[in-house]
Amino acid sequence: MASGVRNGGGGGVGGRMSGKVANATPKAAAGKPRLSAAGGGAYRRTSSGPLPSAGGGGGRASSESGVSSRVRVAVRLRPRNADELAADADFGDCVELQPELKRLKLRKNNWESETYEFDEVLTEFASQKRVYEVVAKPVVESVLEGYNGTVMAYGQTGTGKTFTLGRLGEEDTAARGIMVRAMEDILADITPETDTVSVSYLQLYMEMIQDLLDPVNDNIAIVEDPRTGDVSLPGATVVEVRDQKSFVDLLRIGEAHRVAANTKLNTESSRSHALLMVNVRRAVKGKHEMDVSISGENGHSSSMVGSLRPPIVRKSKLVVVDLAGSERIDKSGSEGHTLEEAKSINLSLSALGKCINALAENSPHVPVRDSKLTRLLKDSFGGTARTSLVVTIGPSPRHRGETTSTIMFGQRAMKVENMVKLKEEFDYKSLCRRLDIELDKLIAENERQRKYFDDEIERITAEAQLRVTEAEREYKISLENEKAKYHQEYLDSIKILEEKWKIHQQSPKKLIKETEPTSSEVGEVQNLLQNEKVLRQSAEDEANDLKNQVLHWKKMEAAATAEVVKLRKMLDTEASQKEKLDEEIAVLKSQLLQLSLDADETRRSLDRGDGSGKIFPGFDSLMSHSRNSQPREQSNGPKPPIAKLFEQVGLQKILSLLESEEPDVRVHAVKVVANLAAEEANQEKIVEAGGLTSLLMLLRSSEDETIRRVAAGAIANLAMNETNQDLIMAQGGVSLLSMTASDAEDPQTLRMVAGAIANLCGNDKLQTRLRGEGGIKALLGMVKCGHPDVLAQVARGIANFAKCESRAATQGNKVGKSLLIDDGALPWIVKNANNEAAPIRRHIELALCHLAQHEVNSKDIISEGALWELVRISRDCSREDIRMLAYRTLTSSPTLQSEMRRLRIEC
């Protein structure tokens with residue numbers, strides 16, 4: 001039968017279905033080994049009697065180390081079709097379902113049957129909604145939380161795999177398959193403004209990966225990351241989905257291109273494996289706004305870029321796999337090209353079965369490279385994805401062999417465990433985009449200011465030129481007017497004199513006679529001459545004034561020119577400041593990246609530390625690893641990242657970041673200081689630079705649990721030095737630690753605080769002050785937490801305090817009953833003297849021996865029942881030094897000896 005192209009959704013399963021919701025995916029405890037073959041997926045064949053229960057065990061691990069999750073398997077029974085109703089009318093079903101017990105019985109004949117257990121058993125009446133909630137919804141919820149997930153259908157051809165997964169439900173919404181319902185939940189949960197969903201739809205046909213959304217792309221290569229081993233398909237079409245309608249349209253396009261054929265077992269049998277890949281990208285935090293402020297002082301500009309914390313995104317992937325049905329050639333009637341398709345399908349399913357067997361048996365070699373199908377599903381079985389498998393079977397006794405094979409496949413798959421991991425990363429591209437936007441804003445602002453300065457220069461120059469031109473014009477006009485006026489007056493005077501001279505020439509005698517009377521006329525002429533002189537002088541003065549005005553305007557023009565030069569210098573300064581701003585942005589980017597990488601490395605080092613030594617062992621473990629791996633190159637080898645940051649940035653700048661207004665910056669800064677404080681060579685520098693005061697200030701003012709925890713750990717490391725202990729006490733450190741202990745609920749914070757107080761308890765000079773400021777009360781108050789690590793630090797502090805008291809009493813510096821007994825520590829000591837945890841028990845035994853060394857404490861030792869614990873320690877303690885100390889204490893105390901004789905106890 002020739003292969004064809006399917007032109008719609010796959011069918012095969014009819015009727016309504018119902019059932020019970022299965023329990024959540026079993027989680028394995030962090031650090032526990034993989035379940036054995038007899039664990040949560042095991043099966044047993046019986047005729048009667050109880051069956052083993054399925055499931056895994058354990059708690060939840062951190063996202064860094066992964067969470068162990070077994071593959072969940074559900075079985076779904078298809079109702080009889082018309083052919084089976086006619087051909088098998090005289091025969092009963094070959095399977096019997098017990099959904100309430102999650103069991104399935106496979107009948108061999110009328111007398112014998114085999115019983116199997118699954119995570120969920122779905123009858124032929126189970127609805128599509130019920131199947132989705134049981135099989136796929138837990139996986140979809142994990143994908144929305146940031147984990148990879150896989151939903152896969154396996155079974156004989158014609159048993160309803162495509163109906164279960166890919167039914168579009170356009171005629172009847174209740175018939176929608178897992179693909180449609182999963183996308184509905186994903187789109188309902190995401191935020192369109194910050195989250196994205198993209199889809200790829202592929203088919204594996206004849207060992208070739210083909211793109212169902214772009215049929216021309218019919219041979220996509222698989223690319224494997226050599227570092228992580230992750231598999232990707234960079235050549236596949238990726239379409240971003242915004243609404244449910246567009247997704248259904250994509251499914252319809254893909255189903256139209258999927259290869260199908262008509263066989264005896266199914267009129268529309270899938271001849272390829274279909275893979276729907278849904279990539280979800282979610283922002284963990286909201287968008288961070290970039291605040292850039294430029295402030296000027298004394299003519300100089302400085303820039304400060306804040307909120308450079310990149311946003312965190314979670315990238316997860318949901319893979320829905322509709323496997324082609326396994327078939328026997330004699331039953332399906334395949335021939336020709338259809339026969340070749342059947343061979344390819346059976347080979348790929350056989351390769352998948354081999355991988356499942358290897359994983360179920362914990363085999364050291366898993367043959368994932370035998371088929372492209374197994375390479376694509378590498379992450380789904382034995383990888384990091386949360387996987388659910390639905391196996392579909394038919395009721396017909398004619399297909400008992402295929403049904404048995406399907407059931408056994410599901411049973412083996414239940415033994416496979418994956419280590420699911422949360423995938424988070426910094427969105428540096430988004431940060432760079434925001435920085436580019438801010439840079440564009442700064443450039444635009446600079447250009448606006450430059451244009452304003454240019455316009456202002458042009459305006460001032462034009463105004464000055466206009467004033468100079470106007471002054472010159474007025475000066476010329478005034479000068480011409482004055483010249484014309486005085487010239488006219490001069491001509492008039494000459495004319496008058498000429499007329500008088502003519503008159504004198506015509507009558508000389510008369511003039512001689514009238515010589516004396518004409519003296520008035522001479523005086524008048526003199527007055528006229530004098531007036532002419534005065535007028536000439538005033539004209540010259542006015543001309544000088546105009547010259548002075550011209551000089552004044554020329555000076556103003558020179559001043560305007562100087563102002564233009566000054567403005568040009570200012571523009572050049574702004575340009576240089578812009579270049580410095582660009583360089584500072586680039587430096588801050590690189591420092592932020594280095595700081596984030598160092599913080600991640602420190603966190604991983606902290607997670608690897610055992611907590612038995614210093615409070616922050618991550619830096620020490622990194623240095624010790626470097627010394628152990630390269631002992632000959634210790635002096636010349638590469639420095640740890642924190643040390644590099646310390647040298648490049650400087651301690652003062654790191655400490656200044658503790659006062660930053662950004663919470664993330666403070667968290668990173670206090671982590672760096674804590675790691676530096678774990679190295680004795682850095683402690684003195686930190687204290688001298690004011691680091692201790694800053695850490696105590698964080699304890700007093702910060703409300704962030706992480707900052708207080710890391711700050712307390714750094715103080716604990718500094719408290720290992722006797723000089724620093726005096727400074728901590730002088731600055732009220734014990735009171736701050738006690739206040740932090742009363743407010744904190746996180747066990748790790750309490751462990752850090754208890755470790756700091758325990759270090760202070762080892763100083764003989766601080767006993768009375770430590771007790772007076774509530775240090776002992778704070779230690780005893782932290783035992784309510786009940787966490788073993790906290791109790792170990794409390795026990796260490798009490799042991800240090802009791803040892804110092806014992807030494808002071810022996811030297812004659814202390815009299816009276818122990819301060820520990822006065823503060824009510826003895827009942828807790830007696831209660832935990834035989835604690836199961838070795839560190840707690842060892843410190844308690846030491847504390848009890850030191851308290852019993854002084855006769856003044858003997859009555860309280862006896863009344864609280866501690867005598868019996870001392871006897872036990874002297875006999876059964878695993879450490880010889882503690883055992884001998886208890887023995888010497890019992891034999892040297894008269895009061896204890898008397899009580900032992902009264903009770904007839906032999907030491």
Side-chain angles (χ1 to χ4, degrees), residues 10 12-13 17 19 22 25 40-43 45 54 70-79 93-99 102-107 114-124 126 128 130-136 138-139 150-166 177-178 265-266 269-270 273-274 319-328 345-346 348-357 359-360 373 377 380-381 386-396 399-416:
V13 175
M17 303 181 177
T25 304
Y43 67 90
R45 301 179 180 179
R70 177 175 59 79
V71 175
R72 299 184 71 256
V73 182
V75 60
R76 187 181 193 187
L77 178 65
R78 171 182 59 76
D93 293 347
C94 67
V95 292
E96 177 185 349
L97 304 184
Q98 296 176 338
K102 298 182 181 179
R103 294 177 180 172
L104 177 147
K105 285 186 178 181
L106 179 62
R107 293 193 183 96
E114 297 173 349
T115 302
Y116 304 92
E117 290 188 358
F118 289 91
D119 292 308
E120 191 66 35
V121 175
L122 301 168
T123 67
E124 63 270 31
Q128 290 282 74
R130 172 65 176 168
V131 174
Y132 170 74
E133 291 177 347
V134 169
V135 176
V139 177
T150 301
V151 179
M152 188 170 71
Y154 178 91
Q156 182 189 8
T157 182
T159 53
K161 300 181 295 300
T162 304
F163 179 87
T164 301
L165 296 182
I178 286 176
L265 297 177
N266 191 356
S269 176
S270 300
H273 308 298
V319 181
V320 183
V321 186
D322 181 12
L323 295 174
S326 59
E327 61 184 48
R328 291 185 179 179
I345 291 170
N346 289 338
S348 59
L349 292 177
S350 175
L352 178 61
K354 290 179 182 178
C355 291
I356 296 295
N357 290 341
L359 291 170
L373 176 63
L377 298 180
S380 302
F381 292 96
R386 192 182 301 277
T387 302
S388 285
L389 171 66
V390 55
V391 294
T392 57
I393 59 175
S396 175
H399 305 304
R400 181 182 287 107
E402 289 83 347
T403 301
T404 303
S405 175
T406 301
I407 291 173
M408 297 304 295
F409 180 89
Q411 290 288 302
R412 288 189 294 269
M414 289 177 68
K415 300 178 184 179
V416 179

Asks: So, the side chain of S388 versus the backbone of V135: is there a donor-acceptor pair under 3.5 Å, distance only?
Replies: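 Between the backbone of V135 and the side chain of S388 there is a qualifying donor-acceptor contact (under 3.5 Å).
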
Asks: Run the numbers on Y154 and V321 for side chain to side chain contact (heavy atoms under 4.5 Å, CB included), then give the verdict.
Replies: CA-CA 9 Å; Y154 178 91; V321 186; over 6 Å; no

Asks: Tell me the closest heavy-atom pair linking P395 and P79, and the distance in Å.
Replies: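 Distance-wise, the nearest heavy atoms are CG-C, 4.3 Å.
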
Asks: Are any side-chain N or O atoms of Q411 and backbone N or O atoms of E117, one a donor and one an acceptor, separated by less than 3.5 Å?
Replies: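 Between the backbone of E117 and the side chain of Q411 there is a qualifying donor-acceptor contact (under 3.5 Å).
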
Asks: For S380, give me all partners under side-chain contact (heavy atoms from CB on, under 4.5 Å), at least two apart in sequence or on another chain.
Replies: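 By the side-chain contact (heavy atoms from CB on, under 4.5 Å) rule, S380 matches T150, L377, T387.
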
Asks: Quick one: pull up CG in D322 and CE in M152 and give me the separation to the nearest 0.5 Å.
Replies: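 Reported value, rounded in 0.5 Å steps: 11.0 Å.
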
Asks: How many angstroms lie between CE in M408 and CD1 in I356, if you round to the nearest 0.5 Å?
Replies: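 Those atoms lie 13.5 Å apart.
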
Asks: Checking side-chain contact (heavy atoms from CB on, under 4.5 Å) between M414 and each of L389, V73, V71, which is the one that passes?
Replies: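 Only one option passes, and that is V73.
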
Asks: Mark yes or no for whether T406, through its side chain, and E402, through its backbone, hold a donor-acceptor pair below 3.5 Å.
Replies: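 It does hold such a pair.
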
Asks: Apply the side chain to side chain donor-acceptor pair (under 3.5 Å) test between E96 and each candidate in R107, K105, R103; give the one that qualifies.
Replies: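 Option passing the side chain to side chain donor-acceptor pair (under 3.5 Å) with E96: R107.
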
Asks: State which residues pass side chain to side chain donor-acceptor pair (under 3.5 Å) with T392; sequence neighbours excluded, sorted by chain then number.
Replies: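 Counting only residues at least two positions away or on another chain, T392 forms a side chain to side chain donor-acceptor pair (under 3.5 Å) with T159.
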
Asks: For residues T123 and L77, determine if any side-chain heavy atom of one lies less than 4.5 Å from a side-chain heavy atom of the other.
Replies: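 Side-chain contact under 4.5 Å: no.
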
Asks: Nearest 0.5 Å, please: how far is CG in L352 from CZ in F409?
Replies: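 Answer for the CZ-CG pair, F409 versus L352, is 4.0 Å.
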
Asks: Which atoms form the tightest heavy-atom contact between S270 and T162, and what is the distance?
Replies: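 Heavy-atom minimum between the residues: OG-OG1, 3.6 Å.
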
Asks: For the backbone of R386 and the side chain of R72, can you confirm whether one donor and one acceptor N or O come within less than 3.5 Å of each other?
Replies: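 Not confirmed, R72 side chain does not pair with R386 backbone.
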
Asks: Walk me through whether V390 and V134 qualify under side chain to side chain contact (heavy atoms under 4.5 Å, CB included).
Replies: CA-CA 10 Å; V390 55; V134 169; over 6 Å; no

Asks: Does D119 use its side chain to pair, donor to acceptor, with the backbone of A74 at less than 3.5 Å?
Replies: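 It does not hold such a pair.
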
Asks: Any sub-3.5 Å donor-acceptor pair from Q128's side-chain atoms to F163's backbone N or O?
Replies: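 Checked: pair present.
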
Asks: Are the side chains of T164 and I178 in contact, using a 4.5 Å heavy-atom criterion?
Replies: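 They are in side-chain contact.
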
Asks: If you take all heavy atoms of Q156 and K161, which pair is closest and at what distance?
Replies: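 So the two residues come closest at O-NZ, 3.1 Å.
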
Asks: To the nearest 0.5 Å, what is the distance between CG (L122) and NZ (K102)?
Replies: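 Separation between the atoms: 10.5 Å.
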
Asks: Write down the atom of V416, the atom of A360, and the distance for their closest heavy-atom approach.
Replies: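 Where V416 meets A360 most closely, the heavy atoms are CG2-N, 4.2 Å.
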
Asks: Any side-chain to backbone donor/acceptor pair from S350 onto N346? Under 3.5 Å, distance only.
Replies: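 Pair absent, no side-chain N/O of S350 close to backbone of N346.
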
Asks: Identify the two heavy atoms, one from E133 and one from P138, that lie closest to each other, and give their separation to 0.1 Å.
Replies: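 Reported closest heavy-atom pair: O-CD, 3.5 Å.
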
Asks: Return the CD1 to CG distance between I393 and L106, rounded to the nearest 0.5 Å.
Replies: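 The CG atom of L106 is 8.0 Å from CD1 of I393, to the nearest 0.5 Å.
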
Asks: Starting from the C-alpha separation in whole Å, work towards a yes-or-no answer on side chain to side chain contact (heavy atoms under 4.5 Å, CB included) for R400 and V95.
Replies: CA-CA 9 Å; R400 181 182 287 107; V95 292; over 6 Å; no

Asks: Under the side chain to side chain contact (heavy atoms under 4.5 Å, CB included) criterion, do R78 and E124 qualify, and how do the steps go?
Replies: CA-CA 5 Å; R78 171 182 59 76; E124 63 270 31; over 6 Å; no

Asks: Shortest non-hydrogen contact from L165 to A153?
Replies: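 Scanning both residues, the minimum pair turns out to be CD1-CB, 3.5 Å.
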
